[in-house]
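Single-structure report; data block below.
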Amino acid sequence: MRISVVGTGYVGLVSGVCLAAKGHDVTCVDLSQERVDQINATVPPIHEDGLPELMAEVVGRRLRATTDLRAAVLDTELSLVAVGTPYVGDQIDLRFVRAVATQIGEVLRDKAGYHVVVVKSTVVPGTTEEVVLPLLEEASGKRAGTDFGVGMNPEFLREGAAVRDFMEPDRIVLGGIDERTVAALAEVYAPFAGTEQVATTPRTAEMIKYTANSLLATLISFSNEIANLCSAVGGIDVVEVMRGVHLDHRLNPILADGSRANPVALTYLEAGCGFGGSCFPKDVKALIAHGRSHGYPPALLDAAIAVNEDQPGRMVELLRRHLPELDGRAVTVLGAAFKPNTDDVRESPALRVVEDLLAAGAVVTIHDPIALENFRPSFGDKIVCEPDLDAALAGAEAVLLVTSWPEYRDLPSRLGPDRAVVVDGRRIFDPSAFTRYEGIGR
């Protein structure tokens, strides 16, 4: 199938490359000539495991990039809209979605034949049918469902594992205004035989995406609420509490051989210093705002966001148990990315941690294997961004672990037991490895 993908961020580029790897002919569209040139030169503009290898396989064969949206739409049968929908003020910003819908509609005015327009961007329920569809009709002068199709196909990609998640999906949601649109989407995903599919309306498809992300975010905030309660009560370690909870067979089934299934979902039932990234904070806030606009303020989701926004601040609170006065103290923060295996620092807990440290007068050094360049602009010369881990640890009076990169697991041997206060924001260390240790929920 000939497919155009509009937007080459984490979702658009990964989707385009993976669909090309599955045999489709793909044209990626972006406003940035620099980004287009990178893609055509087989240089990934984002960090994703497995993406360079897959790009080397398909670029110049079944995938190309261009700034010419008109040519891309005219030459393809289906367009995936994968532009950003940032959360601004009290709602998601649809200006990029609106602009692309209008531009595609203008092309459809001059295009003979049926074309399907599919929203892949995360948008609140009703957006595809109440915003995108009317713009397409207005700009094209044609009728949706008669002259062109309109659909919604949410993504379920984890940054850092997006290629694997796309190539080995756990489910595929096909939202369409009619059977013809759903059939076109089914053709797109025909190479994914055996994967369970949900054929539904665009509005329901949009809600599935928000519900999935809100559930995982709420599990994290629930775990952190319990961690904070353990700390308040005293004499309880949330790691042991959650170990006991994880053994519930309804959460962690016992297999026929007597072993445990250990589903990935349990990783969201672990305490830490908060979630971040481009999805969870934005999506939960957007769903809250959308609920309020319809007369239903979702209290549980409000609480999940409130807990998460407070969580990074507990790192400096724990540090003050050992260093009440932080002015002039050398503090090293380990991890800038919001999670391992990505260079994305959006909504990273490290941002709040560094802000609190600087406000207290600390001298801050931060290390991250790949995300320093994205983190640096937030603070400029107020902090030291050190790419060498041992250099980052040298002279540190305190070390705060924010991101659980594998590189940090040997911190006890690198640092020794007595050199610095260690605040473990992800509970990856044995507390006995350090003389002065604090951990979330302990």
Side-chain angles (χ1 to χ4, degrees), residues 224 227-228 231-232 234 237-238 271-274 276 308-338 340 345 347-369 371-405 407-442:
N224 287 335
N228 300 337
S231 295
D237 191 332
V238 72
C273 54
N308 190 63
E309 290 180 343
D310 286 345
Q311 203 64 14
R314 298 186 181 276
M315 295 290 287
V316 175
E317 291 178 11
L318 292 173
L319 176 59
R320 287 187 184 277
R321 292 181 181 179
H322 298 267
L323 301 177
E325 180 54 60
L326 293 174
D327 189 32
R329 298 282 199 165
V331 180
T332 293
V333 175
L334 297 183
F338 82 93
V345 302
E347 302 279 349
S348 171
L351 294 166
R352 167 70 186 279
V353 171
V354 171
E355 285 175 1
D356 289 355
L357 289 170
L358 291 175
V363 179
V364 179
T365 297
I366 187 162
H367 174 274
D368 191 282
L372 288 182
E373 290 308 310
N374 291 339
F375 193 84
R376 191 189 309 272
S378 297
F379 298 98
D381 59 5
K382 295 179 182 178
I383 63 174
V384 175
C385 292
E386 176 53 65
D388 181 86
L389 180 53
D390 289 323
L393 295 173
E397 298 173 79
V399 176
L400 278 60
L401 179 113
V402 175
T403 313
S404 55
W405 283 98
E407 290 89 334
Y408 299 151
R409 291 191 177 272
D410 65 349
L411 185 67
S413 61
R414 286 178 180 269
L415 194 64
D418 303 315
R419 264 177 57 189
V421 178
V422 173
V423 180
D424 186 355
R426 299 298 177 186
R427 299 305 309 272
I428 68 172
F429 301 125
D430 179 351
S432 66
F434 304 101
T435 303
R436 292 173 294 167
Y437 172 91
E438 296 292 341
I440 294 287
R442 183 173 184 270

- Message: Under a 3.5 Å distance rule, please check whether D410 uses its side chain to pair with a backbone N or O of R414 as donor and acceptor.
- Response: no
- Looking only at non-hydrogen atoms, find the nearest pair between P340 and T403 and report the distance. N-CG2, 3.6 Å
- Where is the tightest heavy-atom contact between A227 and V238, given as atom of each residue plus distance? CA-CG2, 3.7 Å
- Close side-chain approach of I440 to M315, heavy-atom, < 4.5 Å: yes
- Message: What's the separation between atom NZ in K382 and atom CG in L358, rounded to the nearest 0.5 Å?
- Response: 7.0 Å
- Message: Using modelled atom types and a 3.5 Å cut-off, is there a donor and acceptor pairing between side-chain atoms of N374 and backbone atoms of V345?
- Response: no
- Task: To the nearest 0.5 angstrom, please state how far the CG atom of L400 sits from the CG atom of L318.
- Result: 8.5 Å
- Residues, nucleotides or ligands: over 12 heavy atoms within 6.0 Å of D381 CG: no
- Calculate, to the nearest 0.5 Å, the distance between atoms OH and CZ belonging to Y408 and R426 respectively. 12.0 Å
- Answer yes or no: is there a donor N or O on one side and an acceptor on the other, between the side chain of N224 and the main chain of G272, under 3.5 Å? yes
- Item | Heavy-atom side-chain proximity of V399 to L415 below 4.5 angstrom | yes
- Query: So, for P349 and G274, which heavy atoms are closest and what is the spacing to 0.1 Å?
  - Reply: CG-O, 3.4 Å
- R427 versus D237: any side-chain heavy-atom pair under 4.5 Å? yes
- Query: Got a salt bridge between R376 and E373, using NZ or NE/NH1/NH2 to carboxylate O under 4.0 Å?
  - Reply: yes
- Any donor and acceptor pair, going by atom type alone, linking the side chain of E397 with main-chain N or O of A330 inside 3.5 Å? yes
- Message: Keeping S348 on the side-chain end and G276 on the backbone end, is there a donor-acceptor pair under 3.5 Å?
- Response: no
- Query: Is the shortest heavy-atom distance from the side chain of L357 to the side chain of V316 under 4.5 Å?
  - Reply: yes
- Query: Are the ring centres of F434 and F429 closer than 6.0 Å?
  - Reply: yes
- Does the side chain of Y437 come within less than 4.5 Å of D430's, by heavy atoms? no
- Message: How close do R320 and A360 get, counting heavy atoms only, and between which atoms?
- Response: NH2-CB, 3.3 Å
- Task: Answer whether the closest heavy-atom distance between the side chains of L334 and L389 falls below 4.5 Å.
- Result: yes
- Message: As an exercise, state the distance from CZ of R321 to CZ of R436, rounded to the nearest 0.5 Å.
- Response: 15.0 Å
- Test item: T365 side-chain N/O and T332 main-chain N/O as donor-acceptor pair under 3.5 Å: no
- Closest approach of Q311 to N228 (non-hydrogen atoms, all atoms of both residues): OE1-ND2, 3.0 Å
- Would you check if the side chain of R314 reaches a backbone N or O of C273 as a donor-acceptor pair within less than 3.5 Å? no
- Is it true that a side-chain atom of E438 and a backbone atom of L319 form a donor plus acceptor pair closer than 3.5 Å? no
- Item | Shortest non-hydrogen separation from V354 to I383 and the atoms involved | CG1-CG2, 3.8 Å
- Message: With a 4.5 Å cut-off on side-chain heavy atoms, are F375 and D368 touching?
- Response: no
- Query: Quick check: does any side chain N or O of R419 sit under 3.5 Å from a backbone N or O of L393, one acting as donor and the other as acceptor?
  - Reply: yes
